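One structure is given below, encoded as structure tokens.
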Amino acid sequence: MFRPILKQVCAMLALASAPALAAQTDITVYTALEADQIKAYQAAFEREYPDIKIHWVRDSTGIITAKLLAEKNNPKADVVWGLAGTSLGLMDKEGMLEAYAPKGLDQISANMRDSREVPAWVGMDAFTATICFNTIEAEKQKLPKPTSWQDLTRPEYAGKIVMPNPASSGTGFLDVSAWLQMFGEEKGWAFMDGLHKNIGSYTHSGSKPCNLAAAGEFPIGISFDYRGAKLKADGAPIELIFPSEGLGWEVEATAIMRGTKHPEAARKVADFSASRAANELYKANFAVLAIPAVATSNPNLPANLAERMIKNDFVWAATQRERILAEWAKRYDGKSEAKKP
């Protein structure tokens with residue numbers, strides 16, 4: 001009669017002596033990744049690290065950036081996985097990031113990471129500016145196909161264009177900062193003055209302009225390559241246009257927040273994000289990767305996409321962000337869509 005009790009006691013002792021690593025660690029990850037990317041990334045990570053559970057906080061780039069900055073003195077996030085390198089550069093300047101060299105750092109392309117030996121952030125992939133052009137609506141409205149950024153200032157496009165607000169969208173900010181870098185300050189703002197005359201609305205999402213173009217609500221949406229390629233692959237009547245002057249671009253990156261209560265788990269997220277296995281996942285969505293050898297061509301994107309990307313000064317963009325956004329809001333914010341309550 002004592003034998004079943006003895007077995008129970010032994011089982012309890014065995015559980016009590018199990019390694020501490022068997023306990024689950026819950027970490028909070030802030031992200032601006034597209035919602036349809038997160039599930040695959042999380043599943044792969046948790047297969048490799050089943051003792052770590054990710055809790056995501058997701059929103060557009062501008063909102064996540066503002067949230068992180070507001071929490072500077074009381075950080076809620078352990079890791080940022082999938083946020084613009086420009087935003088992370090700004091946080092690094094504020095002393096908010098914990099520098100860390102993830103495993104396999106030597107595989108990462110030099111232009112896809114913080115340049116210091118022990119980087120504050122490490123890239124995943126790059127997304128580029130793209131014009132989504134609805135061919136059906138264009139034919140109905142007798143609109144010519146634009147081939148350059150400057151074409152978008154032509155009078156026949158009045159009210160026909162939608163683009164992201166740079167204060168809330170990373171895609172919007174990469175557009176604005178790229179135009180200022182490509183054309184210079186004076187000509188860059190002059191170009192945006194002309195473009196503004198043709199804008200129907202500034203959205204608070206980088207995907208939305210292409211979604212609106214695909215749905216025929218606007219014939220032209222300034223968006224980014226991933227969203228355009230996916231909608232086209234799904235059968236949307238759009239053509240993707242990569243303007244002749246060059247493409248603004250942004251790197252999606254990962255960083256550890258200084259002050260995290262779970263540094264070991266945070267480092268594992270950083271290791272996985274920089275790994276070849278993760279890049280194999282990223283290539284389903286992007287043509288330009290942090291590990292270039294993993295990248296494959298996308299039938300809906302140009303084979304030379306990386307060559308069309310401008311020389312992007314992330315440090316300049318990060319340090320000038322506040323000034324640029326203030327000037328942009330003063331000039332153009334009147335056409336922005338209402339923010340969510």
Side-chain angles (χ1 to χ4, degrees), residues 30-33 59-69 72 80 82-97 99 108-116 119-130 149 163-192 195 202 204-206 222-226 242-243 245-255 286 288 290 305-306 308-333:
Y30 280 24
T31 188
L33 290 169
D59 216 310
S60 63
T61 299
I63 293 170
I64 288 293
T65 301
K67 184 173 176 62
L68 285 160
L69 289 169
K72 174 183 174 181
V80 176
L83 188 66
T86 303
S87 293
L88 292 173
L90 182 61
M91 287 166 215
D92 181 36
K93 183 184 171 189
E94 295 293 320
M96 296 168 60
L97 305 182
I108 303 294
S109 180
N111 69 339
M112 296 284 284
R113 48 159 290 190
D114 175 23
S115 60
R116 287 168 293 186
W121 57 266
V122 175
M124 305 156 52
D125 47 61
F127 57 97
T128 74
T130 304
W149 293 118
M163 75 163 279
N165 181 316
S168 48
S169 163
T171 304
F173 186 71
L174 78 83
D175 288 324
V176 172
S177 64
W179 293 330
L180 293 173
Q181 290 181 69
M182 281 192 293
F183 302 140
E185 288 273 338
E186 185 177 345
K187 290 181 179 178
W189 289 113
F191 162 73
M192 285 183 268
L195 177 64
Y202 295 105
H204 295 296
S205 157
I222 299 172
S223 190
F224 63 101
D225 56 350
Y226 163 73
F242 300 89
E245 298 99 329
L247 306 176
W249 62 284
E250 181 62 272
V251 58
E252 286 188 312
T254 298
F286 295 94
V288 180
L305 185 64
R308 300 187 184 202
M309 291 158 48
I310 68 165
K311 186 177 180 181
N312 203 350
D313 188 336
F314 288 108
V315 174
W316 178 85
T319 56
Q320 298 299 312
R321 179 184 173 86
E322 188 174 341
R323 175 185 68 83
I324 291 169
L325 292 179
E327 182 65 23
W328 187 93
K330 182 173 70 175
R331 291 172 180 248
Y332 315 125
D333 205 27

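Everything numeric in this text was worked out from a predicted model, so none of it was measured.
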Derivation of the salt bridge (charged side-chain N to carboxylate O under 4.0 Å, His left out) call for Arg113 and Glu252:
CA-CA 10 Å; Arg113 48 159 290 190; Glu252 286 188 312; over 6 Å; no

After noting the C-alpha distance and the side-chain angles of Gln181 and Asp313, does the key distance pass the side chain to side chain donor-acceptor pair (under 3.5 Å) rule?
CA-CA 8 Å; Gln181 290 181 69; Asp313 188 336; over 6 Å; no

Evaluate the side chain to side chain contact (heavy atoms under 4.5 Å, CB included) criterion for residues Trp189 and Trp328: first the C-alpha distance (whole Å), next the side-chain angles of each, then the deciding distance (0.1 Å), finally the verdict.
CA-CA 9 Å; Trp189 289 113; Trp328 187 93; 4.2 Å; yes

The test is side chain to side chain contact (heavy atoms under 4.5 Å, CB included); show your working for Lys67 and Asp59 and say whether it passes.
CA-CA 10 Å; Lys67 184 173 176 62; Asp59 216 310; over 6 Å; no

For a side chain to side chain donor-acceptor pair (under 3.5 Å) check, start with the C-alpha distance between Asn165 and Asp333, then their side-chain angles and the critical distance, and finish with the verdict.
CA-CA 8 Å; Asn165 181 316; Asp333 205 27; 3.3 Å; yes

Residue pair Val288, Trp249: steps toward the side chain to side chain contact (heavy atoms under 4.5 Å, CB included) verdict
CA-CA 10 Å; Val288 180; Trp249 62 284; over 6 Å; no

Step by step, would you call Thr130 with Leu247 a side chain to side chain contact (heavy atoms under 4.5 Å, CB included)?
CA-CA 8 Å; Thr130 304; Leu247 306 176; over 6 Å; no

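Atom CG of residue Asp175 and atom CE of residue Met163 lie 5.0 Å apart, to the nearest 0.5 angstrom. Rounding to the nearest 0.5 angstrom, the gap separating the CG atom in Asn312 from the OG1 atom in Thr86 is 6.5 Å. Considering CD1 of Ile63 and CG of Leu68, their distance stands at 12.0 Å, rounded to 0.5 Å.
In terms of heavy-atom proximity, His204 sits nearest to Ser168 at ND1-OG, 2.8 Å. Tyr332 and Tyr202 get closest at one heavy-atom pair: O-CE1, 3.4 Å. Smallest separation of non-hydrogen atoms from Met309 and Ala126: CE-CB, 4.2 Å. Between Leu180 and Trp316, the shortest heavy-atom contact is CB-CH2, 4.1 Å. Smallest separation of non-hydrogen atoms from Ser60 and Ala32: C-CB, 4.1 Å. Scanning both residues, Ser205 and Pro164, for their nearest heavy atoms gives O-CB, 3.8 Å.
Counting heavy atoms from C-beta outward, Trp121 and Leu83 have side chains that stay 4.5 Å or more apart. A heavy-atom distance below 4.5 Å is not found between the side chains of Thr31 and Val80. Two residues are said to be in side-chain contact when any heavy atoms from C-beta on lie closer than 4.5 Å; Val176 and Ile324 meet this criterion. Put simply, the side chain of Leu90 does not reach to within 4.5 Å of the side chain of Leu88, judged on heavy atoms. Between Val122 and Met112 there is no side-chain heavy-atom pair separated by less than 4.5 Å.
The main-chain N or O of Gly172 is found under 3.5 Å from a side-chain atom of Ser169 such that the two form a donor-acceptor pair. The backbone N or O of Gly206 sits nowhere less than 3.5 Å from a side-chain atom of Thr171 that would complete a donor-acceptor pair. Of the possible donor and acceptor atoms, none in the side chain of Trp179 sits under 3.5 Å from a partner among the backbone N and O of Trp149. Side chain of Glu250 to backbone of Gly170: no donor-acceptor contact under 3.5 angstrom is found.
Take Phe242 and apply the ring pair (Phe, Tyr, Trp, His ring centres under 6.0 Å) test, not counting sequence neighbours, and it matches no residue. Taking Glu245 as the reference, nothing meets the salt bridge (Lys or Arg N to Asp or Glu O under 4.0 Å) condition, with sequence neighbours excluded. Here Arg331 pairs with Asp193, Glu327 under the salt bridge (Lys or Arg N to Asp or Glu O under 4.0 Å) rule; sequence neighbours left out.
Taking the six-membered ring where the residue is Trp, the centroids of Phe127 and Tyr226 are separated by 6.0 Å or more.
No donor-acceptor contact under 3.5 angstrom links the side chains of Ser177 and Gln320, judged on distance only.
Under the 4.0 Å criterion applied to side-chain N and carboxylate O atoms, Asp92 and Arg116 are assigned as salt-bridge partners.
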